[in-house]
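To start, the structure under review is shown below, and the notes come after it.
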Number of protein chains: 2
Amino acid sequence: MAGMMNARFFLLGLLDQRPMSGYDIKRYLKSLEWLIGSPSFGSLYPSLHALLDQGLVTVEIASRSDKPPRKQYSITDAGRLALQEWADRPIFPRATLKDFVMVLMLAGNLTLPRVAAHLEQRRAQVATQRAVLERELHETSGQMTDSGERLALDYGLALATAELAWLDATLGDLAEGDDSATGPLQGNAR
Amino acid sequence: MAGMMNARFFLLGLLDQRPMSGYDIKRYLKSLEWLIGSPSFGSLYPSLHALLDQGLVTVEIASRSDKPPRKQYSITDAGRLALQEWADRPIFPRATLKDFVMVLMLAGNLTLPRVAAHLEQRRAQVATQRAVLERELHETSGQMTDSGERLALDYGLALATAELAWLDATLGDLAEGDDSATGPLQGNAR
DNA sequence: AAGCGCATGTAAAAGGTTACATGATTAC
DNA sequence: GTAATCATGTAACCTTTTACATGCGCTT
């Protein structure tokens, strides 16, 4: 699902929101398959087993009358501790869009300043990458090089610009509703 | 670099633009590492060897006076044929942003109608995904569910909207300069 | 001769996907 | 009883990253 052994921590974060079975997780993630992909059962179940072996989650077999029984996984105290440590780490330089969305998904477990810190880090990263793309585009625009490369650079530039706009707007919302109750987090999609 | 054995065809496409060494490819891809990631040498060199074994590329050792010698890889006729077949396949449903950028990069080797077809396919895919995200966002907005999920959905919505705008603008440019010489392909990044 | 940037390569380990196998329960 | 959905799991295969190993050629 993602390199850097992120996948397991992400699953742990989902289980911190509410206990779920493997099947539940798969369905839940289906709606954002486009952004982060939903893991295959062939990687999902072994990941849950690994978390279990590490004592970060517990299982409970939930038998229901009308449907086959399922295994409900719940996070443990040790799991919450490990998750906290993971979420506190700064985004590593080569983080992808996927990595960022995974952190975003877990924002509900984080304090507002921590969420803001993650957004700021992403902002810095995207701004840097945008500058790289722009420089590259200007350098290659002189010589009539490959049109495919120009297309790709232009596309990347458009996405980076849109992402920066969203980050700024969302960061603004966070600052606005700073310590007010639950925090509003209105939509900023244009 | 990407599942679906795409990586090798992508490399082949780069070599169709101009002969390069492994080191060259790595540097070339470095500027769009953010979008598609640049492969590690540990996967790059074996991929080139595989292309060589399949007869899709040839090598030539280029000795230069001032620097260590390098292996220049060039595409063969068989390689061009295989590449054509690959590029003609429609984008598969679960294609990621990365997959799309890889096709975009190779646009220079494709005819204008083919490029347009790829963009249209991507447009349809993104529009569908955008609708999924929007529905999900409205469904969950009633119940005060997790704020992280709302953030992620809103983020995805913003990106999808921006991508659709870029696709429409670029598709417009392609139609405009339809059969005029080299095709302009101006920038549409906002 | 030591160190650095260029350049290529291999092996071990990790992780994921595909395909297969299994079983419960409901609906026909 | 047979198909369909729900639900979990395993194994073979493929690819990638990580870490290491090697060597050329220039500079100090």
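Convention: sequence-line order gives letters A, B, ...; per-chain numbering from 1. Atom set for the values below is all heavy atoms of this structure, side chains included, hydrogens, waters and symmetry mates excluded.
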Find the bend of the helix from C:dA1-D:dT28 to C:dC28-D:dG1 as the angle between its two terminal axes (five pairs each), to the nearest 10°.
-> 0°
Quick one: which of D:dT15, C:dT17, D:dT17 gets closest to the side chain of B:Ser43?
-> D:dT17
Tell me, yes or no, whether the heavy-atom count around A:Arg27 atom CZ, taken from other residues, nucleotides or ligands under 6.0 Å, exceeds 12.
-> yes
Could you check whether B:Gly42 gets within reach of a base, just the sugar-phosphate, or nothing at all, counting any heavy atom under 4.0 Å?
-> base
Establish, with yes or no, whether the OP1 or OP2 oxygen of C:dT8 is under 4.0 angstrom from a side-chain nitrogen or oxygen of B:Lys26.
-> no
Sorted by number, residues from residues 44-62 of chain A placing a heavy atom under 4.0 Å from DNA chain D are A:Tyr45, A:His49
By nearest nucleotide on DNA chain C, pick out whichever of A:Ser40 and B:Arg27 is the more 5' one.
-> B:Arg27
Can a side chain N or O of B:Ser21 be found less than 4.0 Å away from OP1 or OP2 on C:dT8?
-> yes
Atom-pair distance (CZ on B:Phe9; P on D:dC14), nearest Å = 15 Å
Say whether, by atom type as modelled, one donor and one acceptor occur between the side chain of A:His118 and the main chain of A:Ala87 under 3.5 angstrom.
-> yes
Is the closest basic N to carboxylate O distance between A:Arg135 and A:Glu139 below 4.0 Å?
-> yes
Distance in angstrom units between A:Phe10 CZ and C:dG15 C1', rounded = 17 Å
Only one of A:Thr76, A:Leu83, A:Leu48 passes side-chain contact (heavy atoms from CB on, under 4.5 Å) with A:Leu12; say which it is.
-> A:Leu83
Mind checking salt bridge (Lys or Arg N to Asp or Glu O under 4.0 Å) for B:Asp77 and listing every partner two or more places apart, or none if nothing turns up?
-> B:Arg80
Expressed in angstrom and rounded to an integer, what is the separation of A:Leu11 atom CG from C:dG15 atom C1'?
-> 13 Å
Could you give the CE-to-C1' distance, from A:Met20 to D:dC6, as a whole number of Å?
-> 17 Å
Between C:dG16, C:dT8, D:dG9, which nucleotide has the shortest distance from any of its atoms to the side chain of B:Phe41?
-> C:dT8
Nearest of D:dT16, C:dT17, C:dG16 to any side-chain atom of A:Ala7?
-> C:dG16
A:Lys71 NZ to C:dG23 P, in whole Å, measures 15 Å
Can you tell me how far C1' of C:dG5 sits from OH of B:Tyr23, to the nearest Å?
-> 7 Å
Neighbour count above 12 (heavy atom, 6.0 Å) for A:Glu60 CD = no
Could you tell me whether the side chain of B:Ser43 and the main chain of B:Pro39 form a donor-acceptor pair under 3.5 Å?
-> no
Distances under 3.5 Å only, N/O to N/O: pair up the protein atoms with those of nucleotides 25-28 of chain C.
| from | atom 1 | to | atom 2 | distance (Å) |
| --- | --- | --- | --- | --- |
| C:dT25 | O3' | A:Asp66 | O | 2.8 |
| C:dT26 | OP1 | A:Ser65 | O | 3.0 |
| C:dT26 | OP1 | A:Asp66 | O | 3.3 |

Sequence neighbours excluded, which residues qualify as side-chain hydrogen bond (donor to acceptor under 3.5 Å, both in side chains) partners of A:Gln125?
-> A:Arg122
Please answer whether the main-chain N or O of B:Met105 pairs with a side-chain N or O of B:Gln17 as donor and acceptor at a distance below 3.5 Å.
-> yes
Quick one: side-chain hydrogen bond (donor to acceptor under 3.5 Å, both in side chains) partners of B:Arg70, sequence neighbours excluded?
-> B:Asp24
Go through C:dA7, C:dG9, C:dG15 for me and flag the one nearest to the B:Arg70 side chain.
-> C:dA7
Below 4.0 angstrom, N of the basic side chain to O of the carboxylate: do A:Arg130 and A:Glu134 qualify?
-> yes
Cationic tip of A:Arg150 within the cone over A:Tyr155's six-membered ring, i.e. under 6.0 Å and within 45° of the normal?
-> no
